[in-house]
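Data first, discussion second: the structure below is written as structure tokens.
Residue numbers begin at 1 in each chain, while the letters A, B, ... track the order of the sequences.
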Protein chains: 2
Amino acid sequence: MRSTVGVVGWHRTLRKTLHSLSAPSSPAFLGPNLPDVWVPRDHTSPPTHFPESLQWANGHSNAVILEGKSIAKQIKVKVADEIRRMKSGIGKFPRLAVVLVGDRRDSHTFIQIKLKACDQVGIETVVAQLPQKCAESELLDVVSSFNDETDVHGIIVQLPLPQHLDEEKVINVLSPEKDVDGFHPLNMGNLAIRGRKPFFIPCAPRGCVELLLRHGVEIKGKRAVIIGRSKIAGLPTSLLLQRHHATVSMLHSYTKNPEQITSEADIVVADVGIPNIVRGNWLKKGAVVIDMGTNQVKDRRDHSFHVSGDVCFEEAVKVASAITPVPGGVGPVTISMLLSNILDSAKRSFEMI
Amino acid sequence: MRSTVGVVGWHRTLRKTLHSLSAPSSPAFLGPNLPDVWVPRDHTSPPTHFPESLQWANGHSNAVILEGKSIAKQIKVKVADEIRRMKSGIGKFPRLAVVLVGDRRDSHTFIQIKLKACDQVGIETVVAQLPQKCAESELLDVVSSFNDETDVHGIIVQLPLPQHLDEEKVINVLSPEKDVDGFHPLNMGNLAIRGRKPFFIPCAPRGCVELLLRHGVEIKGKRAVIIGRSKIAGLPTSLLLQRHHATVSMLHSYTKNPEQITSEADIVVADVGIPNIVRGNWLKKGAVVIDMGTNQVKDRRDHSFHVSGDVCFEEAVKVASAITPVPGGVGPVTISMLLSNILDSAKRSFEMI
């Protein structure tokens, strides 16, 4: 058989498809849509059970601290250097568009951190700030216009969006080629499928693997347990560690005995969102622990706030062979990975890679 | 900020994107691209180790046989009935396009099975058969033309393709809305991300979950082990079981001690491609076993061939609480799931769902 129809008509179909990138109805096959509700545990109590094999480490810490700040700095220096050479060589530079809706204080803080980091390495930024009550069509128009602008190489839509806006629709409209957060389903699919290359890998998983690789942690053949399955961290980290040939188990709030499964893992990644939920007695002696949690915790005495991870550091550091601190672990590396994604996108746009 | 650029220009970007749905270069971050080479084990030898806890079952079988043929028949009857009503109601019916390249005997056999099943339920089929040495552009044109045809609701490109053709490129060109095999990265991404709805779920995972649900096997909170990570079965099954809130571990050829991890699972899914590799002593007493293997095995005596699964059935049936036979287990249900996917696509096209 030979095709007699040209490709023009085909594009018509694709355009239609791209306005609605997924099926309208929910087949029961996809399973019940349950919220992930973890039960916080009292992290001030002593561990209820501390296996004998771990007693050796009590009071002593041999763990390597997987410090992220210096690695982040190294990556930033490299990105800044490449951008400098790009500017002097072809007179061009990367540009990031940020879409921010509403007044959430934490969102504004995160955006400020990202903008500052971009500024430090020579990435130009443009911010579209929309009111809390903006219409969905207005938001979609803004994203679409950034898709169109050839001198915008990356687009970030700061999440979460206000309730009345459909996050899925907005992410679907984002061009996968400018999706520097790596959240578009096309990029996620190409991350999941072995041999495929997404345009972008989400920044937190890239940060996690960067930390492991730079510290010489072998991933292939190791048992990795991911605790928590958020779209931005846990899920893509499980996919990326599988691409590195780890044997991955994905734990979530419906998992029975997460402690027991975690205690078998060589690499433990925590992405729960509850301070200190992962205790020292969850860990195998010598495990490598990556803590992706960044929880605001109120001090009982002076009511000040500090950032705490998902892992009880004081306990874990006595059992683990290596562990990331919070703050100063995965966080800074994640930000530098965003810069690296934006640079990669610009290079692709300028046909430099 | 308000957008001043229309959406027309945006489509330009998307069209470009769709010609190349993934990044051209391979970042080291994606991990080494290693082949999955399982070492076949001598399946005629007795198990080297049989835990005491399993001895009870020796010689006795209490397992429910998860028979697939009758379930497949029920689904087919339902699909055929819906198509009949569709024809009499609106005078329309589903249509499947099959693209077959080259002379592989097994591919021709598989296609014949699918075409026959379509015929039985009233799905019209059109086959585009291309020569072994066809040019890639020719194949892409054929797929594109089927994308364009509004009265084609599903497209199957029979895999594997001859070596000189880029499978990734061909699957990427396929409209996600007609991808009834569910292999397009956009559909895979929407299967991976919780809350999202792919247009299609791959047929083998749907078959697996259909068997579990129809036999009343609870999935939520259960430990599931998937042995093997093929794009068509193991990978999407791991994603689908996660959507059903199982705690999933993904085993592959680089996994150390697959026996030990498998022995902790409530649900075991085998997708290795090696006959009888999963032995009875790999299993926890009472596990539910889904065998996705369909291996051609030569009889030593009369040199005839028979189909064997990845699980040593005679041993597993004594330990498991339920197990699929091969043949007659997942296979027939998988075919009926394809028919169901094609029907769903037609209904969507006719705006009946």
Completion exercise
Taking every heavy atom of E168(A) against every heavy atom of G195(B), the minimum-distance pair comes out as OE1-O, 4.1 Å

Problem - Top of P236(B), P185(B), G221(B), G189(B) for chain A proximity - count of heavy-atom pairs under 4.5 angstrom - result: P185(B)

Fill in the blank from the handout: Given L34(A), L251(A), L240(A), I219(A), the one with more heavy-atom pairs under 4.5 angstrom with chain B than any other is L34(A)

Handout entry: E210(B), part contacting chain A, at a heavy-atom distance under 4.5 Å
Key = both

Problem - From R223(A) atom CZ to T255(B) atom OG1, the distance as rounded to the nearest 0.5 Å - result: 9.0 Å

Completion exercise
Between the CZ atom in R206(A) and the CG atom in L30(B), the distance rounded to the nearest 0.5 Å is 9.0 Å

Exercise for the section: Mind checking the CG-CG spacing from N172(A) to L186(B)? Nearest 0.5 Å is all I need. Expected result: 7.0 Å

Exercise for the section: Kindly check if the number of other-residue, nucleotide or ligand heavy atoms within 6.0 Å of NZ (K220(A)) is above 12? Expected result: no

Handout entry: Contact origin within L235(B) toward chain A - heavy atom pairs under 4.5 Å
Key = side chain

Completion exercise
One option among K231(A), R243(A), K222(A) has the most heavy-atom pairs under 4.5 Å with chain B, and it is R243(A)

Problem - Evaluation steps, side-chain contact (heavy atoms from CB on, under 4.5 Å), between T247(B) and M250(A) - result: CA-CA 6 Å; T247(B) 300; M250(A) 181 64 134; over 6 Å; no

Practice task
Supply the atom-to-atom distance M188(B) CE to L191(A) CG, rounded to the nearest 0.5 angstrom.
Solution key: 12.5 Å

Fill in the blank from the handout: Okay, I193(B) and chain A: the region with an atom under 4.5 Å from a heavy atom over there is both

Exercise for the section: Kindly determine whether R196(B) and I171(A) satisfy side-chain contact (heavy atoms from CB on, under 4.5 Å), including the steps that lead there. Expected result: CA-CA 12 Å; R196(B) 299 294 178 93; I171(A) 299 297; 4.1 Å; yes

Completion exercise
CG (D36(A)) and CZ (R194(B)) are apart, to the nearest 0.5 Å, by 4.0 Å

Exercise for the section: Give, as side chain, backbone, both or neither, the part of A224(B) having an atom under 4.5 angstrom from any heavy atom of chain A. Expected result: neither

Practice task
Please flag which part of R229(B) lies under 4.5 Å from any non-hydrogen atom of chain A: side chain, backbone, both or neither.
Solution key: both

Exercise for the section: Describe, in one word, how the ring planes of H252(B) and H245(A) are oriented to each other, choosing from parallel (under 30°), tilted (30 to 60°) and perpendicular (over 60°). Expected result: perpendicular

Practice task
Tell me, for L139(B) versus chain A, whether the close heavy atoms (under 4.5 Å) come from the side chain, the backbone, both or neither.
Solution key: neither

